[in-house]
Amino acid sequence: MKKQKKLVVGNWKMNPQSLDEAKEIVREVKKITAKLKKTEVVLCPPFVYVGSVSSSPKNNIYFGAQDAHPEASGSFTGEVSSSQLYQFGVRFVIVGHSERRKMGESDELVNKKVKSVLGEGMTAILCVGEDKRDHHGEYFNFIKSQILLGLKDVQKKVLLRVVIAYEPIWAIGAKEAVKPSELHEMSIF
């Protein structure tokens, strides 16, 4: 059985503030990761830098996008489609991030985005996470629902191109990080 590589994804959010800084980050990451054998690194810069910093994979480094519109084209001001991203060397796309969901993104829209990303031959990074953790384990049902709705009608043959990213919303900015036992429990789930 072939051992899977580890995947490290860097979501740059709305940083850095200049193209020169973005190019420098890429150069530094390439240096640092040059000798990694069992780890793939995905850099997800803001859209404005993707075309300038992305290239074919080198030293286990790939480029990703922080989001993608589910439609291939149309009157969607400010949006970027999966097919447009693919042309710039993007091979991973984050969908369903908690910040996007907070702005009103539904599980149905996340599902459309997952299918669009997969349809272009890219890997979808499906973010899931609960607002709060209860003592009765109801948060498992919430996570299960996000996964099932996010992957609704996705063909089994493309599931190898889906990464589930667990992002417990209650832990973002919290004084205490998620405990290793909690992460272990969720990975088993």
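This is a predicted model, so every value here is computed, not measured.
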Answer whether the closest heavy-atom distance between the side chains of [X] and [Y] falls below 4.5 Å.
X	Y	value
Tyr166	Leu183	yes
Tyr62	Leu43	no
Ile143	Glu130	yes
Tyr139	Asp131	no
Thr123	Val117	no
Leu118	Val154	yes
Pro168	Arg133	no
Glu185	Phe140	yes

Contact summary for [X] and [Y], nearest pair of heavy atoms:
X	Y	answer
Ser82	Met122	O-CE, 3.3 Å
Gly64	Val50	O-CG2, 4.5 Å
His184	Ser187	O-OG, 2.8 Å
Pro16	Ala22	CG-N, 3.5 Å
Pro45	Val53	CG-CG2, 3.9 Å
Phe47	Ala65	CE2-CB, 3.9 Å

Sidechain-backbone polar pair: Glu79 side chain, Phe76 backbone, donor-acceptor under 3.5 Å: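 Flag not set: sc Glu79 to bb Phe76 has no pair under 3.5 Å.
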Asn60 side-chain N/O to Val41 backbone N/O, donor-acceptor pair under 3.5 Å: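 Flag not set: sc Asn60 to bb Val41 has no pair under 3.5 Å.
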Residue that, paired with Glu167, satisfies side chain to side chain contact (heavy atoms under 4.5 Å, CB included) out of Val178, Val128, Ile172: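 With Glu167 as partner, Val178, Val128, Ile172 yield a single side chain to side chain contact (heavy atoms under 4.5 Å, CB included), made by Ile172.
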Is there a path from [X] to [Y] through hydrophobic residues (I, L, V, M, F, W, Y) whose side chains come within less than 4.5 Å of each other?
X	Y	result
Val162	Leu85	yes
Val93	Val110	yes
Ile147	Met186	yes
Ile61	Trp12	yes
Val26	Ile32	no

Rounded distance [0.5 Å steps], [atom1] in [X] versus [atom2] in [Y]:
X	Y	atom1	atom2	value
Lys112	Ser106	NZ	OG	7.5 Å
Gln146	Leu148	CD	CG	10.5 Å
Phe142	Asp134	CZ	CG	11.5 Å
Glu138	Asn141	CD	CG	4.5 Å
Ser81	His69	OG	NE2	9.5 Å
Leu126	Leu151	CG	CG	5.5 Å

Residues that Ser18 engages under side-chain hydrogen bond (donor to acceptor under 3.5 Å, both in side chains), provided they are two or more places apart: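 Only Glu21 meet the side-chain hydrogen bond (donor to acceptor under 3.5 Å, both in side chains) criterion with Ser18.
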Would you call [X] and [Y] a salt bridge, taking side-chain N to carboxylate O under 4.0 Å as the test?
X	Y	result
Lys13	Glu99	yes
Glu105	Lys113	yes
Arg101	Asp107	yes

Side chain to side chain contact (heavy atoms under 4.5 Å, CB included) between Ile125 and Val95, worked out: CA-CA 6 Å; Ile125 301 171; Val95 293; over 6 Å; no
Side chain to side chain contact (heavy atoms under 4.5 Å, CB included) assessment of Cys44 paired with Ile94: CA-CA 8 Å; Cys44 299; Ile94 299 169; 3.8 Å; yes
Enclosure of Met14 CE (heavy-atom neighbours >12, cutoff 6.0 Å):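 No, the 6.0 Å shell around CE holds no more than 12 heavy atoms from other groups.
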Side chain to side chain donor-acceptor pair (under 3.5 Å) evaluation trace for Asn111 with Glu108: CA-CA 5 Å; Asn111 175 252; Glu108 180 183 12; over 6 Å; no
Worked verdict on Leu7 versus Val163 for side chain to side chain contact (heavy atoms under 4.5 Å, CB included): CA-CA 9 Å; Leu7 181 67; Val163 173; 3.8 Å; yes
Geometric cation-pi criterion, Arg91 with Tyr86: 6.0 Å, 45°: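 Yes, cation above the ring, under 6.0 Å and within 45°.
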Those residues that, when tested against Phe88, pass ring-ring contact (aromatic ring centres under 6.0 Å, His included) (two or more places apart):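 Listed in chain order: nothing, the list is empty.
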